[in-house]
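First the structure, in the form of structure tokens, and then the observations on it.
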Amino acid sequence: MKKEIIINATANEIRIAITEEKRLAELYVETPEKERMVGDIYLGKVAKVMPGIRAAFIDIGLKQDAFLHFSDIGTSLSDYSSLFGDDDSDVDVDDDGDDEEVATVGVEQQSASAGQPRIEPPPAPPRFNRNQSYQQGRDRDNGRSQSPIPDLKAGQDIIVQVTKEPVGKKGVRVTSEVSLPGRFLVLLPFDGKIGVSKKMNNFREKRRLRRIVRSILPEGFGVIIRTVAQDRDEAALRQDLEGLIATWREIEKSVKTEQAPALLYKDMATTSSVIRDLFTDSVERVVVDSRKLYKEIRAYVKLNSPQLVEKIELHKDREPVFDTFGVEKEIATALSRKVWLKSGGYIIIDQTEAMAVIDVNSGRYAAKREQELNSLRTNLEASREICRQLRLRDIGGIIVIDFIDLEDERNKKKVYDEIRKEFRKDRAKVTVLPMTDIGLVQITRQRIRQNILHSFSEPCPVCGGGGMVQSKSSIVNQIERWIRRFKSETKEFKLTLRVHPSIGAYLKEGTIGRLTKFKFKYFVAIKLEEDPKLPLAEFHFISRKHSKDITDQFRS
């Protein structure tokens, strides 16, 4: 697969596009107001422990407390006592952790278990079971129901690492299983095991790397050997390990001097982490349009992977780099609700806070004969595009896809198998359930950060992000009800009404305007003021007698 990394840098924004076969597959945006947090290590203070939801909330100095599930605590909690005033099993673990999946650009979890995408059919038949809790099944699969209640108390200091960016009103998610990612190794300060990426298939090479790491690894530490470490000599691994251990020693010093809550370690910025974690031999080239960034990337790669230096290119053309590679057009598609397919069909993507719903439609392709065959072709094409769109938009959580109805069970399985095959390209953890009798496919995809839509947009100030606004007649009815309550509770009769200009025009509309009717009906003198800065559905009544806003006093 032809893979390229395209980087566009401006004064206030850096955009990193990863393309596969000339098509945009992933997009990361870095701005000063939206700094990447995944991988940051904090000295936090336990704010509250809630056994009912098997979690604790940790104060790490942000607006919202961090969420720490008991399953993310592990055995490292007991090792913190020595830092606030060591276990070396040296067991080889053929771990799922991968070079592209530990502490990378906000895509995967910071743990040794954050490895290959988990794409597996459940033991249950492919149909909805109304009596079974889907969330309970997910929690049981993750081992949460088995996690013991740890010895945590409010006010206790704890070291945690961010594994998931804040999403909506939810704060960051953290783990106490801290890890430090390097170019070839991931250091596990509280785990004495040696893990190797499963993407490394050469058994002899795995054994060689384990032997080297075991000989240079200090007591009390563990590591995950990343895929890019393949064929590296001892000097390269030692240099990487020594740098990681030096970083950890600095963190240990900070723990003893800092007062919680405090930031102990700031992980690399998005651009640096992309180069560190994703720039491997499988990438054909990296194109950068900033000379400063080009020099920084070359210097880093020359030090760690000199054989890749020649793949780094500086974009010198006048045409913007994203236009040259066709990325800009695909970004516009990523923000669109409707995505067209080559066959003439299309998919509709709707997102809510709880889940994403995707509808597959045949479009003009439906006019042709052989309905079952045409439906299968459209569904297969939609499967490939949906998997790409989920990666590109970074949509996580629960996803439900409504495919075009298929009669043949073999065709349903073909669609299911196609989805599983496409998700193998995804580094996020994914679980896919087989197609139900009514053509629905349920997917859960690991959510680490806000999806790409939130990087380029913000809620509409008029509708609040709902896509709908209150009708003018409904707002005027609210105004009338307010006046009725006002007159029933007070003898005051002089008011100023402040509204949006479009509501003001609606109130004055007609030979005898609606506002005039209110004046005579309720015996009140109302002076109308129009304020274009007010939201459409908002209105304010000001008492002229007391010169103050009294709107809230008479709301229902």
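Being a predicted model, the structure only gives us computed values, none of them experimental.
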**Request:** Look up atom CD1 in Ile419 and atom CD in Glu422, then write down how far apart they are to the nearest 0.5 Å.
**Result:** 9.5 Å
**Message:** Does either side chain, that of His315 or that of Glu313, offer a donor lying less than 3.5 Å from an acceptor on the other one?
**Reply:** no
**Message:** Holding to salt bridge (charged side-chain N to carboxylate O under 4.0 Å, His left out), I want the full list of residues that pass it with Asp405, two or more places apart in sequence or in another chain.
**Reply:** none
**Message:** Looking only at side-chain N and O atoms, does Arg183 offer a donor or acceptor that is under 3.5 Å from a partner on Ser305?
**Reply:** yes
**Asked** Are the charged groups of Lys533 and Asp531 less than 4.0 angstrom apart, N to O?
**Response** no
**Message:** Can you list everything that forms a side chain to side chain donor-acceptor pair (under 3.5 Å) with Arg388? Sequence neighbours excluded, please.
**Reply:** Glu330, Glu385
**Asked** Does the pair Asp240/Arg232 count as a salt bridge with the N-to-O cut at 4.0 Å?
**Response** no
**Asked** Are Glu26 and Tyr28 linked by a side-chain donor-acceptor pair shorter than 3.5 Å?
**Response** yes
**Message:** Run the salt bridge (charged side-chain N to carboxylate O under 4.0 Å, His left out) test against Glu372 and tell me which residues pass, sequence neighbours left out.
**Reply:** none
**Passing option when Val286 is tested against Ile275, Ile6, Val301, Val274 for side chain to side chain contact (heavy atoms under 4.5 Å, CB included)** = Ile275
Sequence neighbours left out, cut at 3.5 Å: what donor-acceptor pairs do the side chains of residues 316-323 make with other protein atoms?
{"from": "Glu319", "atom 1": "OE1", "to": "Thr324", "atom 2": "OG1", "distance (Å)": "3.2"}

**Message:** I need the Gln478 CD to Ile503 CD1 distance, nearest 0.5 Å.
**Reply:** 10.0 Å
**Message:** Going by the rule salt bridge (charged side-chain N to carboxylate O under 4.0 Å, His left out), which residues pair with Glu296 if we only count those two or more places apart in sequence or in a different chain?
**Reply:** none
**Message:** Closer than 4.0 angstrom, basic N to acidic O: yes or no for Glu381 and Arg384?
**Reply:** no
**Request:** List in chain and number order the residues that pass side chain to side chain donor-acceptor pair (under 3.5 Å) with Lys413, two or more places apart in sequence or in another chain; answer none if no residue qualifies.
**Result:** Asp417
**Request:** Would you please name every residue forming a side chain to side chain donor-acceptor pair (under 3.5 Å) with Lys338, sequence neighbours left out?
**Result:** none
**Gln442 side chain vs Ile399 backbone, donor-acceptor pair below 3.5 Å** = no
**Asked** Residues two or more places apart in sequence or in another chain: which of them pass side chain to side chain donor-acceptor pair (under 3.5 Å) with Asn477?
**Response** none
**Fill in**
Across all chains, not counting sequence neighbours, the side chain to side chain contact (heavy atoms under 4.5 Å, CB included) partners of Ala25 are Glu20, Arg391
**Side-chain donor/acceptor of Ser336 to backbone N/O of Val339, under 3.5 Å** = no
**Prompt:** Can Asp40 and Lys266 be counted as an ion pair, charged N to O under 4.0 angstrom?
**Reply:** yes
**Item:** Side-chain donor-acceptor pair present, Thr227, Ser197, cut-off under 3.5 Å
**Value:** yes
**Prompt:** For Glu509, what residues pass the side chain to side chain contact (heavy atoms under 4.5 Å, CB included) criterion, not counting sequence neighbours?
**Reply:** Tyr506, Arg514
**Message:** For the CE atom of Met435 and the CD atom of Glu409, what is their distance to the nearest 0.5 Å?
**Reply:** 9.5 Å
**Fill in**
Sorted by chain and residue number, the side chain to side chain contact (heavy atoms under 4.5 Å, CB included) partners of Lys2 (sequence neighbours excluded) come out as Glu4, Glu21, Lys22, Glu284
**Item:** For Asp402, all residues meeting salt bridge (charged side-chain N to carboxylate O under 4.0 Å, His left out), sequence neighbours excluded
**Value:** none
